[in-house]
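Letters A, B, ... are given to chains in the order of the sequence lines, protein chains preceding strands, and every chain is numbered from 1.
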There are 2 protein chains.
Amino acid sequence: MSPTKMPTERTVTLKDVAEHAGVSPMTVSRALNKPATVSETLRARIGASVESLGYVQNLVAGALASAGSNVIPVIVPSLSNSVFVEVIAGIQDVAQAAGYQLMLGNTEYDLDREYGAVSTFLGWSPPGMIIAGMRHLDRTRNLLKRWGKPVVEMMEYGTQAIDMNVGLSHYKAGETMATHLVTQGYREIVFIGCRIQADYRAAQRYKGMDRILARHGLHRREPISYDGPSNWALGGDALMDVLEATPKVDAIFFANDDLAVGAILRAQREGVAVPKRVAIAGFNGLGLADLVQPGLTTIMSPRLEIGRVAARQLLDRFAGHTPAKRRVDVSFQLQVRGST
Amino acid sequence: MSPTKMPTERTVTLKDVAEHAGVSPMTVSRALNKPATVSETLRARIGASVESLGYVQNLVAGALASAGSNVIPVIVPSLSNSVFVEVIAGIQDVAQAAGYQLMLGNTEYDLDREYGAVSTFLGWSPPGMIIAGMRHLDRTRNLLKRWGKPVVEMMEYGTQAIDMNVGLSHYKAGETMATHLVTQGYREIVFIGCRIQADYRAAQRYKGMDRILARHGLHRREPISYDGPSNWALGGDALMDVLEATPKVDAIFFANDDLAVGAILRAQREGVAVPKRVAIAGFNGLGLADLVQPGLTTIMSPRLEIGRVAARQLLDRFAGHTPAKRRVDVSFQLQVRGST
DNA sequence: GCCAGAAATGATAGCGCAATCATTTTTATG
DNA sequence: CATAAAAATGATTGCGCTATCATTTCTGGC
């Protein structure tokens with residue numbers, strides 16, 4: 001682990017600072033962590049010593065001694081989906097301002113890797129944890145429950161939360177969009193996404209849609225799922241594929257806006273009339289959805305908000321408060337635009 | 001720091017596992033960290049004990065005892081710019097596979113906050129660090145140099161690296177794009193970005209462009225800078241603003257593709273002919289740049305690649321190798337499309 | 001079977017800090 | 001001014017683990 005071991009001068013420790021300032025180590029520790037409890041005189045002297053010795057607190061030792069770090073692990077299934085990035089940015093906003101560091105785990109939609117990440121992160125004695133989704137391996141759930149510290153499951157709103165929960169119902173979102181499409185008169189609707197077997201939130205949107213189609217006695221199709229992470233170009237390809245394979249499709253509900261926007265741009269380029277030939281709908285409410293032509297009908301999900309709320313729920317608990325709600329439904333909003 | 005302190009059962013420690021398995025703690029430690037050095041019999045027995053007790057390694061203690069953690073801090077100036085996210089994803093790819101955790105710091109383009117982040121992160125005894133950019137406060141540079149462990153400065157390619165460096169020359173990128181625009185016959189060129197005073201990489205692209213304009217004796221303009229993070233909608237607004245304020249502008253070099261794509265979409269919507277009325281160019285090479293109409297002329301920067309290389313440079317050094325090159329110019333590529 | 005060398009295991013010590021309680025100094029009060 | 005209470009400071013101890021060195025057990029060659 002140690003790189004080219006040069007004859008590095010010994011690291012400066014608390015003790016060194018203490019000696020330099022002529023006080024006890026404990027006083028230095030306090031001056032650094034709870035300045036209010038140290039007299040102004042000493043605080044200044046210690047500050048000067050810290051400065052002149054170039055002392056950097058060893059947070060590892062601090063975390064061990066006090067049995068707790070200020071690191072908050074955040075576990076997400078993907079970084080290539082812009083949604084998670086925005087959520088992370090929201091968490092960062094709040095957490096960093098409160099003096100917490102984020103540690104990032106990426107599971108690539110693999111529940112075993114998720115377990116690994118959780119279990120590794122627990123080893124950092126974090127004061128709490130944020131994890132995307134509510135579907136985990138049993139042992140993951142058990143581990144977190146036994147752990148007993150605050151845990152926020154985000155992105156999805158559900159009843160079986162391990163501890164706290166912030167998100168929205170993807171099933172309802174699917175229902176909402178499908179209802180809209182059916183109301184508009186579309187009859188041959190298909191759902192297109194990526195890694196749907198793993199991305200069960202997308203799958204739930206599909207199921208919500210499917211239920212509505214069933215209720216209206218419409219043609220129900222299996223979702224179309226592509227491998228690999230979603231990206232803009234893929235949406236366009238998917239559009240062309242489905243139009244060729246299933247010409248009578250008159251509406252597509254994409255699993256996310258990245259795909260849907262890609263499809264609209266491609267349609268424009270290929271001269272496919274949207275929504276006349278085929279309607280296109282997405283999910284997320286990316287800023288871009290409003291800029292393409294026609295505007296993309298989508299479901300707005302408050303991504304930054306989810307992140308911020310998740311972080312605040314944790315911070316509340318750290319502070320000893322019981323948060324107003326253990327479960328927050330941030331809800332969503334259907335945004336109808338030209339594409340349907 | 002401790003939340004509602006319930007009468008939690010004592011944490012399971014190495015010692016507990018050792019007793020349960022009837023071996024010494026040291027053997028358990030070895031079985032966990034260097035399995036090859038422990039006999040198969042004991043390894044199995046210890047594994048069983050770990051399982052049945054639900055033991056989770058305390059990485060904090062481990063890091064303290066061995067004076068080194070497996071956490072790699074990554075410091076970026078922003079998370080709202082998709083570029084950094086992609087770079088982070090690249091780092092994650094490589095680092096997580098090698099068993100390292102990423103710790104995320106966001107400076108919001110503030111060099112003081114950068115110093116704070118660096119100094120906090122050093123407290124986690126990381127084996128190395130990755131930081132965006134080459135422009136830092138003197139004390140930040142000094143801190144990192146004195147630290148002596150591997151540091152990668154990324155995004156930008158330059159000569160004054162603290163240690164290792166992966167990136168590209170933004171100045172040259174600016175020159176390249178400007179040369180292209182001038183060659184195409186554009187004469188009234190303006191640079192538009194966000195937070196240019198802070199985002200000095202964007203500023204360097206501007207300077208590169210400015211030099212070319214000067215050389216050709218063309219009208220040189222101050223860059224136009226908007227406050228706050230860049231986003232798609234802003235690009236469109238900026239386009240309309242500049243066309244109204246300075247009608248004779250015939251080409252815009254946007255600081256990034258997010259803005260440029262927004263501008264193209266807006267132009268389309270408002271009936272502004274691109275590139276006839278005004279040419280539009282960007283920087284980054286987002287996938288989207290190829291999908292809009294007309295396609296966006298841009299400079300492709302290998303973002304994932306930068307992240308991967310940065311991570312690999314670190315890992316190489318951890319392994320004791322001297323990396324082939326301390327400084328890697330990943331270069332860039334001018335991608336000419338319809339928008340110019 | 002005996003022994004040298006290798007492999008496996010164990011005992012000890014300490015990483016750098018903060019919790020805790022003991023002690024000293026300061027402040028407020030009558 | 002004496003004294004109790006509060007504030008500031010210090011001494012001790014241990015967080016859970018691994019580096020290091022000491023010891024034991026296993027190997028193979030003769």
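Which of C/dG14, C/dT9, C/dA18 sits closest to the side chain of B/V38 comes down to C/dT9. The A/L42 side chain lies nearest to D/dT9 when the options are D/dT9, D/dG16, C/dT9. Closest contact between the side chain of A/S66 and the listed nucleotides C/dG10, C/dA19, C/dC15 involves C/dA19. Listed candidates were D/dT20, D/dG16, D/dG10. Nearest to the side chain of B/R30 is D/dT20.
Nucleotides of DNA chain C nearest to A/T13 and B/S24 differ in position, and the one nearer the 5' end is that of B/S24.
To the nearest angstrom, P of C/dA8 lies 15 Å from CZ of B/R45. Taking atom CG of A/L14 as the reference point, atom P of C/dA18 lies 6 Å away to the nearest angstrom. The distance from atom CG of A/N33 to atom P of C/dC17 is 10 Å, rounded to the nearest whole Å. The distance from atom CG of A/L64 to atom P of C/dA18 is 11 Å, rounded to the nearest whole Å. The nearest whole Å value for the distance from the CG atom in B/N58 to the P atom in D/dG16 is 7 Å. Rounding to whole angstrom units, CG of residue B/L59 and C1' of C/dC15 are separated by 16 Å. Computed from coordinates, the B/I46 CD1 to C/dT9 P distance equals 8 Å when rounded to whole Å. The CE atom of A/M26 sits 17 Å away from the P atom of C/dT23 (whole-angstrom rounding).
A sub-4.0 Å separation between OP1 or OP2 of C/dA19 and a side-chain N or O of A/K34 is present. Between A/T27 and D/dG10, a side-chain N or O to OP1/OP2 separation shorter than 4.0 Å is present. OP1 or OP2 of C/dT9 sits under 4.0 Å from a side-chain N or O of B/S39. Taking 4.0 angstrom as the limit, B/K15 places none of its side-chain polar atoms (N or O) nearer than this to OP1 or OP2 of D/dC15.
Closest approach of B/V38 to B/T27, counting heavy atoms only: CG2-O, 4.0 Å. Nearest heavy atoms, B/A63 versus A/W124: CB-CH2, 4.3 Å.
Among the heavy atoms of the strands, none lies under 4.0 Å from A/V60.
A cation-pi geometry, defined here as NZ or CZ lying under 6.0 Å from the six-membered ring centre and within 45° of its normal, holds between A/R135 and A/Y200.
With a 6.0 Å radius and a threshold of 12 heavy atoms from other residues, nucleotides or ligands, B/K15 has its NZ atom at or below the threshold.
A search for side-chain hydrogen bond (donor to acceptor under 3.5 Å, both in side chains) contacts involving B/S80 returns B/S78, not counting sequence neighbours.
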